[in-house]
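Each chain gets a letter, A, B and so on, in the order the sequences are listed, and its residues count up from 1. Keep in mind that what you see is a predicted model, and the values were worked out from it rather than measured.
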Protein chains: 2
Amino acid sequence: MSLSALHKYRLQYKPVLPKHIADIDNITIEEGAKTQSAVNQKELSELFKHTYGLPICNIVAGKNADIHRVIRCGFILSGGPAAGGHNVVAGLFDGLMKGNKENKLYGFRCGAGGILSNDYIEITAELVDKHRNTGGFDLVGSGRTKIETEEQFATAFEHITALKLNAMVVVGGDDSNTNAALLAEYFAAHGSDCVFVGVPKTIDGDLKNQYIETSFGFDTACKTYSELIGNIQRDAISSRKYWHFIKVMGRSASHIALEAALETQPTYCIISEEVEDKKMTVSQIASEIADIVIERHKKGLNFGVVLIPEGLVEFIPEVKALIKELNNLLAHKKEEYSKITEFSAQKAFVCENISESCAATFKNLPDNIAKQLLLDRDPHGNVNVSAIETESFVSGIVKAEIVKRGIKVPFTPVHHFFGYEGRCAFPSNFDSTYCYALGYTAFILLALKKTGQICCISGLQKPAEEWICGGVPLTIMMNMEQRNGEMKPVIKKALVEIEGKPFKFYQSKRAQWASAEDFVFPGAIQYFGPSEVCDQPTKTLLLEQN
Amino acid sequence: MSLSALHKYRLQYKPVLPKHIADIDNITIEEGAKTQSAVNQKELSELFKHTYGLPICNIVAGKNADIHRVIRCGFILSGGPAAGGHNVVAGLFDGLMKGNKENKLYGFRCGAGGILSNDYIEITAELVDKHRNTGGFDLVGSGRTKIETEEQFATAFEHITALKLNAMVVVGGDDSNTNAALLAEYFAAHGSDCVFVGVPKTIDGDLKNQYIETSFGFDTACKTYSELIGNIQRDAISSRKYWHFIKVMGRSASHIALEAALETQPTYCIISEEVEDKKMTVSQIASEIADIVIERHKKGLNFGVVLIPEGLVEFIPEVKALIKELNNLLAHKKEEYSKITEFSAQKAFVCENISESCAATFKNLPDNIAKQLLLDRDPHGNVNVSAIETESFVSGIVKAEIVKRGIKVPFTPVHHFFGYEGRCAFPSNFDSTYCYALGYTAFILLALKKTGQICCISGLQKPAEEWICGGVPLTIMMNMEQRNGEMKPVIKKALVEIEGKPFKFYQSKRAQWASAEDFVFPGAIQYFGPSEVCDQPTKTLLLEQN
């Protein structure tokens, strides 16, 4: 395998451990009072008979002989990759090796699917050393399988027990950590001593709450996108003739778009949660951006950069309603519809068969977007939102609005989508250090036999030495939500809060950013330079924690 | 204006000057023998009566009082932005200030258009300091206007003379430097003492020859694209289910794609020049990649990364012929064609009205590409090649080939285009240093009254202190080519040489890269770290110069 120069150096990087967990011979866990979920206490306590309401685990100075107990630990990396996953494994491995040289670590291949197919590898020091501070989840691969059916739980039990594992770490987002909680409960209910600990991962940043300050991978992804957005902004002020519409990953929440906006100060950034909150229509969104295009044109600024969160269309109430009716229509009149081949006829058919208000919305959409809403059904009959070219959608409605107003304005849109580019970069120093500490914390929790916990580190706005690590019971973060027609326990996704500090800050600045040439150019992620360049957390985190 | 942390630090970076030009009180120019263009000597010597065949200017130790003469210098930044343009200005400015405190520097706004509209600003120390080591051309903006008509030359003469300029620097690609040569000739012919010096810019890397080792901006652009390609490769081996088709900028030549391939070792990289050289058909290209997809599938590797140069379709002989016939047809039967609205009817009409072989090619194209070839005519009636989604085209023909073979292979393509992201990044240390030296060399040449020269620096594979700077007459690089039906003097674009070392190296490795998991992850451009991470030139340059 050939390594780049940076790759070789990153393998040597040594993340700092938070002081209070560094010496494992002087730690123990102080348990808080029993906990409660915020809502649905009754349903959750029934579903999690053995693991509901566990206490919060604070890691404090003290002695605990269990830290050296022999552990056979398994883990999975689950869902979309996020920078730093390999450092979670490195922190976990180093902790295990400090605890007891006899300890073993096994990685199941390709997510929870590897548990079901009993596909695993032993993680050796050599393997870990080859992956320290590198991006990606390729050490064991990732996957999106969930353990859901009774049969799957039984299979997981069988394979994990056969491998004599007494600890499991689940690295994943809200769904995967929900799965970790269910596994913890299942194993506890079936008399297993195998404990389950979760680690909060997702570049989308939507696995966060009063205990989890941020999920790992968010920092690196946002910095990678911000690098590119900044480069494009510099191009915009050099060429002075393009309007760049940049879609960034993040389907359920707009944290990435908001963070990228805080880092780069674009001309405009759409926040899906605000669109939903204000019940904005397609035409209001178009109007708001068209105003800016026209105002800038008056000052000779025929260029700009607009950031768009991937999931936008589902947050526009009228489009959401339209998609719902379309899903229904295409499911129920599939045969009839499939005989129509020309778009104009398809459009007419659709408009006759949906509500008047939805038909009005549909007719007003740019053709390319209307076509995308008619294509691309997923196996469940739903429109494939990630395939919708939201960036063309937005530029299309803005152009139509300008034309409608009868004003002659040069408007040349250019479209971009940044997604895969940011999931597997070399983790920033922040993510490298954060993940290493998360893995190390996971080791402490499972050595001390804590199950159903997720690793939580607080004080992330401070230097890593001062971070405080511990465990928080997963059930505390759960509620009941409808999934495929059934009520299921799930960890609540954190959306951008309209009253939260990051959005409020953006809101206070956006008029200025829209009218001026006040772009910021963050540049590429730096790993070696001055601390203020290399080691800063996201603006979102700084605003939220300070 | 808000500055990022990296931005503040980059303003402080001090590029090293090559030793032999650092002390301007110990330099002079040693002229070589008269030169000749490689071809078209007769036509060129007639077109450039006063500036054809000038000697090469070597900068050597010695004394030359002219270095301190009073200079009123103008400059333009021309064409697409490239990282380092601001450092050319910084090097030029610092040279001018060393030469004589009375010296003045003026930047014409938005390229040659600024000369014609007499739109310029005085460049002050404060302005320069705000732009050192930053990306973009926003100091004065850029533009694509060329000075072509007799009237335009007269206007340029009037404005430059009125401003009492005795020196002009043209920063641009092959076309802009051709324009610089024409301006040098025009001013010499009209008795002006204003000298013209060119600086080789273009991220595409196609302004290079035995004198110019590389154009500036190529290094930074390739490193930015390689960062992203590497990230996507890491995602590919983590997710293990996507085939990424990545188009990179570079319409006329495939240098960027080739350099990115040398840096990242993708599964496959198409080189347009090879396609043309081997007269490859669409179906041969499809077949070559489909073979790789199927072979990898047999090993369980249902993923890969394919790099595609932006200009590919024009290098496929059968598509080139088809585009030519389509341009003709749509120009001559415009009215008749415009009445047909449905694609199937458009297709039928086209096939009836072009040659049989082109009709066969057209019928075999994926629909979305066929549609794009029918849309998007530029003002000259030509298809807008940069609007063609070549990345979908390639994945489309590969998919069709797999289907044709009747083999069941999971094949999920994902498409990317990297262009604007790489033009305005903070210049790499290489480009920062190279551009500063280019600007400083430009000052020396114009102070010593050399006109019609382009700044050339050699030995770029060595540390910057050892680089050798000088001037080479632009006419030496010219030939006559047909442009819009007329024979014009132009600097020959450098395509990827099939017999050159970079391509040969790629060729010797590609079978291995196609079959293995041998991706390289270059990571983000680093500015502060170890020299082997931060200061390396491109692989292309190293292979060519060593």
Can you say whether A/Glu532 sits under 4.5 Å from chain B via the side chain, the backbone, both, or neither, judging by heavy atoms? both

Taking side chain as everything from C-beta outward and backbone as N, CA, C, O, which of these in B/Glu342 sits under 4.5 Å from a heavy atom of chain A? Side chain, backbone, both or neither. side chain

Option in B/Gly136, B/Cys534, B/Pro530 with maximal non-hydrogen atom pairs under 4.5 Å from chain A: B/Pro530

Between A/Tyr527 and chain B, with a heavy-atom cut-off of 4.5 Å, which part of the residue counts as in contact: side chain, backbone, both or neither? both

Less than 4.5 Å to any heavy atom of chain A: does that hold for the side chain of B/Arg10, its backbone, both, or neither? neither

Using a 4.5 angstrom heavy-atom cutoff, name the option from B/Pro81, B/Cys110, B/Ser2 with the most pairs to chain A. B/Ser2

With chain A, which of B/Gly85, B/Gly135, B/Ala524, B/Ser142 has the greatest number of heavy-atom pairs at distances under 4.5 Å? B/Gly135

If every non-hydrogen atom of A/Leu6 is compared with every non-hydrogen atom of B/Gly523, which pair is closest and at what distance? CD2-CA, 3.7 Å

Look at atom NZ of B/Lys539 and say whether more than 12 heavy atoms of other residues, nucleotides or ligands are closer to it than 6.0 Å. no

Chain B interface, residue from A/Ala83, A/Ala425, A/Gly80 that has the most non-hydrogen pairs under 4.5 Å: A/Ala425

Does any backbone or side-chain atom of B/Val140 lie under 4.5 Å from a heavy atom of chain A? Answer side chain, backbone, both or neither. neither

Leading residue by heavy atom contact count with chain A [cutoff under 4.5 Å; candidates B/Ile229, B/Asp235, B/Val533, B/Leu139]: B/Asp235

So for A/Thr224, is it side chain, backbone, both, or neither that comes closer than 4.5 Å to the heavy atoms of chain B? side chain

From the list B/Gln526, B/Gln536, B/His244, B/His7, the residue making the most non-hydrogen contacts under 4.5 Å with chain A is B/Gln526

Please walk me through it: do A/Arg423 and B/Ser239 pass side-chain contact (heavy atoms from CB on, under 4.5 Å)? CA-CA 11 Å; A/Arg423 309 199 304 181; B/Ser239 307; 3.4 Å; yes

By a 4.5 Å heavy-atom criterion (distance strictly below it), what part of B/His415 contacts chain A: side chain, backbone, both, or neither? neither

Which pair of non-hydrogen atoms, one from B/Ser238 and one from A/Asp138, has the smallest distance, and what is that distance? OG-N, 3.3 Å

Look at the rings of A/Tyr242 and B/Tyr420 and say which category their plane angle falls in: under 30° parallel, 30 to 60° tilted, over 60° perpendicular. perpendicular

Under a 4.5 Å heavy-atom cutoff, which of B/Gly529, B/Ala5, B/Cys424, B/Ser4 has the most pairs with chain A? B/Cys424

Which bit of A/Phe418 comes within less than 4.5 Å of chain B, counting heavy atoms only: side chain, backbone, both or neither? side chain

Against chain A, label B/Glu227 side chain, backbone, both or neither, depending on which of its atoms sit under 4.5 Å from a heavy atom there. side chain

Residue pair A/Lys241 / B/Arg144, side-chain heavy-atom distance below 4.5 Å: yes

Steps toward side-chain contact (heavy atoms from CB on, under 4.5 Å) verdict (B/His416, A/Glu421): CA-CA 10 Å; B/His416 312 263; A/Glu421 296 83 348; 3.6 Å; yes

Quick one: what part of A/Lys8 sits under 4.5 Å from any heavy atom of chain B, side chain, backbone, both or neither? neither

Most chain B-contacting option - heavy-atom pairs closer than 4.5 Å, from A/Thr264, A/Leu77, A/Ile525: A/Ile525

Once the angle between the rings of B/Phe426 and A/Phe521 is folded into 0 to 90°, is it parallel (under 30°), tilted (30 to 60°) or perpendicular (over 60°)? perpendicular

Who among A/Phe343, A/Phe137, A/Tyr9 has the most heavy-atom pairs with chain B under 4.5 Å? A/Tyr9

Proximity breakdown for B/Gln265 and chain A, heavy-atom pairs closer than 4.5 Å: side chain

